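For reference, the structure is listed below as structure tokens.
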There are 2 protein chains.
Amino acid sequence: MTDEEIEPFLQHLQKRVPFSKQELEELLSYFREKKIKKRQFIIQPEFVARHRSYVLEGAFRAYVIDDGGEEHTIQFAIEDWWISDYNSYVYQTPATMFVVALEDSVILQIDYDSEQKLKAAHHRYETFFRIMAERSAAYQQRRVISNLTRTAEERYNDFAERYPLIVQRVPQYALASYLGMTTEFLSRIRNKKMKKKS
Amino acid sequence: MTDEEIEPFLQHLQKRVPFSKQELEELLSYFREKKIKKRQFIIQPEFVARHRSYVLEGAFRAYVIDDGGEEHTIQFAIEDWWISDYNSYVYQTPATMFVVALEDSVILQIDYDSEQKLKAAHHRYETFFRIMAERSAAYQQRRVISNLTRTAEERYNDFAERYPLIVQRVPQYALASYLGMTTEFLSRIRNKKMKKKS
DNA sequence: TTTATTTCCTGACCTGGTTCATTTTGTGGG
DNA sequence: CCCACAAAATGAACCAGGTCAGGAAATAAA
């Protein structure tokens, strides 16, 4: 991986913790670049999630399948986002999610043991992962609140406003299942909007 | 606060990170015990949440009020749990939640600046708060998944099985709003169950 | 460029859960 | 012990969003 390719990743790291040149280099040495084809899985149920992945290019979707066989999207990730089965990775237990590439993608992966080593070795790295976890918790909580307090249409509007890039790139049925509604209902919401505009 | 009173707290800390006697003492010196009367608020919207609180005794409830004036419970906390407005505390922005005591309670509070100092001073403390954040993120995510994949009745049954103590102690309307249903509907679910048992 | 497959749209009907209004039970305070 | 008020239960009408089924577009494969 060339310096240019990973520039966004370096920016990402330094925005969270002001690492020195050397620290960045050490940190970087634990990450491996990987190219993933559309429809390829990087995590599957039963297997333990061994990596945490940063998306350099492309898009992913994490989802579970319920008892009735329905898919429910748990998370999306495009450029500059992280993705994994959080529970599985953090506690090193078998995953319950699928994580699949929605497009041909390029990711940077760190494996669990390396992360542990890094965190143990330097306070700085521990801080970085603490901040990651905090942001993640805050994000999840906003989602819980949105689910509890807003209607299906409001949830869609909020999401579309906040993450327009994701709305453009992911298939509708995936977005619908993320927002907690059927693809049919989301289709209706969208078409209602279209008519208003004209 | 006597050693005996805070024994559960010490256990709690050491279950997460194997602190030394001195470390525990330093950590402890940053916490202040506080008695809170039933119906008293420890966090309110508009004000920044300055503390993170560990419940030694009693019970709390965090909730938001939506545009329509409805309350939605975001979190419960009984003995051995932490509570705050997570977003407000972590980012030091104005709270959106109320946190109120459901019973006369005793809590241990640490304030934001002290926590920052502790985390900066010792790797050990940073690790502790990293673990807290990870657990919190994992918990929230399980809740998101439960909301997406289960019916109202299933959510109640799951919760009742996992947290029987909380179900016994909190008012029904608070539990209903936590589970994302009306108090009337929860009442029906419960009464249906009662009949089956007899 | 044709065919196959996946995604999206649309209409008719259905239901889990809500709303509203009223009654019953519980409970904390004086 | 009683009263005032908060919490829980119950019935009936209603609705946001789901289900089912068929067809139209869009993508991908060959």
Side-chain angles (χ1 to χ4, degrees), chain A residues 37-40 59 61 63 66-73 76 98 100-104 146-160 166-196 198, chain B residues 37-40 58-59 61 63 66-73 76 100-105 146-160 166-198:
Chain A
K37 287 257 177 223
K38 182 165 176 174
R39 275 174 247 273
Q40 190 181 332
R61 164 181 176 238
Y63 63 96
D66 69 21
D67 303 343
E70 302 286 336
E71 294 182 5
H72 300 273
T73 301
F76 291 112
F98 296 86
V100 68
L102 294 170
E103 310 171 359
D104 290 352
S146 167
N147 283 156
L148 288 177
T149 61
R150 322 229 53 186
T151 65
E153 185 166 356
E154 288 168 340
R155 291 197 303 277
Y156 170 69
N157 290 335
D158 291 353
F159 190 87
I166 292 185
V167 172
Q168 281 170 35
R169 280 167 74 175
V170 307
Q172 210 88 255
Y173 66 87
L175 180 55
S177 80
Y178 177 92
L179 294 172
M181 66 186 83
T182 59
T183 180
E184 291 96 329
F185 197 68
L186 179 51
S187 170
R188 270 155 201 151
I189 289 172
R190 283 183 149 172
N191 290 355
K192 193 163 66 174
K193 267 203 128 93
M194 292 280 287
K195 278 180 192 160
K196 273 191 191 157
S198 59
Chain B
K37 288 258 176 221
K38 183 167 176 173
R39 274 174 249 273
Q40 190 180 330
R61 164 180 177 241
Y63 63 95
D66 70 19
D67 303 343
E70 302 286 335
E71 293 183 5
H72 301 272
T73 302
F76 291 113
V100 68
L102 294 171
E103 310 170 358
D104 290 353
S105 305
S146 166
N147 282 338
L148 288 177
T149 62
R150 328 248 340 152
T151 64
E153 185 166 357
E154 288 168 338
R155 291 197 303 276
Y156 170 70
N157 290 335
D158 291 352
F159 190 86
I166 292 184
V167 172
Q168 283 169 35
R169 280 167 73 174
V170 308
Q172 208 105 112
Y173 66 86
L175 180 56
S177 81
Y178 177 91
L179 294 171
M181 66 186 83
T182 59
T183 180
E184 291 96 329
F185 197 68
L186 179 51
S187 170
R188 269 151 205 157
I189 288 172
R190 283 183 149 171
N191 290 355
K192 193 163 67 176
K193 266 203 128 94
M194 293 280 287
K195 278 179 192 158
K196 273 192 191 157
K197 279 191 184 168
S198 58

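If you're wondering where the values come from, they're calculated on a predicted model, not measured in any experiment.
- Rounded to whole Å, the distance from CG on B:Asp66 to C1' on C:dT18 is 14 Å.
- Contact annotation: B:Thr151 side-chain N/O to C:dG16 OP1/OP2 distance is not under 4.0 Å.
- In this model, the phosphate group of D:dA28 is approached by a side-chain N or O of A:Lys38 to a distance below 4.0 Å at OP1 or OP2.
- Counting only heavy atoms from C-beta on, A:Pro171 has its side chain closest to C:dC8 among C:dC9, C:dC20, C:dC8.
- Each of B:Arg39 and B:Met181 has a nearest nucleotide on DNA chain C; the 5'-most of these lies closest to B:Met181.
- For A:Arg61 and A:Tyr63, the positive end sits near the middle of the six-membered ring, less than 6.0 Å away and at most 45° from its axis.
- Taking only side-chain atoms of B:Arg188, from C-beta outward, the nucleotide of D:dA12, D:dA28, C:dA21 with the closest atom is D:dA12.
- Of the possible polar contacts, none joining the A:Ser187 side chain to the A:Phe185 backbone as a donor-acceptor pair under 3.5 Å is found.
- Distances from the side chain of A:Tyr173 to the nucleotides D:dG11, D:dA7, C:dT7 place C:dT7 closest.
- In terms of modelled atom types and a separation under 3.5 Å, the side chain of B:Ser177 and the main chain of B:Thr73 share a donor-acceptor contact.
- Between A:Glu70 atom CD and D:dC20 atom P the separation is 9 Å, expressed in whole Å.
- Rounded to whole angstrom, the span from the CZ atom of B:Arg155 across to the P atom of C:dG16 amounts to 14 Å.
- Per the geometry, OH belonging to A:Tyr156 stands 20 Å off P belonging to D:dA16, to the nearest Å.
- In this structure, the side chain of A:Arg155 engages the main chain of A:Arg150 through a donor-acceptor pair within 3.5 Å.
- Taking atom CG on A:Leu102 and atom C1' on D:dA28, their separation rounds to 16 Å, with Å as the unit.
- The distance between atom CG of A:Leu186 and atom P of C:dT10, rounded to the nearest whole Å, is 13 Å.
- In this structure, A:Lys192 places its NZ atom 9 Å from P of D:dA16, rounding to the nearest Å.
- Between A:Thr182 and D:dG18 there is a side-chain polar atom (N or O) within less than 4.0 angstrom of OP1 or OP2.
- Going from atom CG of B:Leu175 over to atom C1' of D:dA8 covers 13 Å, rounded to whole Å.
- Using a 30° and 60° split on the angle between ring planes, B:Tyr178 and B:Phe159 fall in the tilted class, from 30° to 60°.
- Note on B:Phe185: a base of the nucleic acid sits closer than 4.0 angstrom, heavy atoms only.
- The side chain of A:Asn191 lies closest to C:dC9, out of D:dA9, C:dT19, C:dC9.
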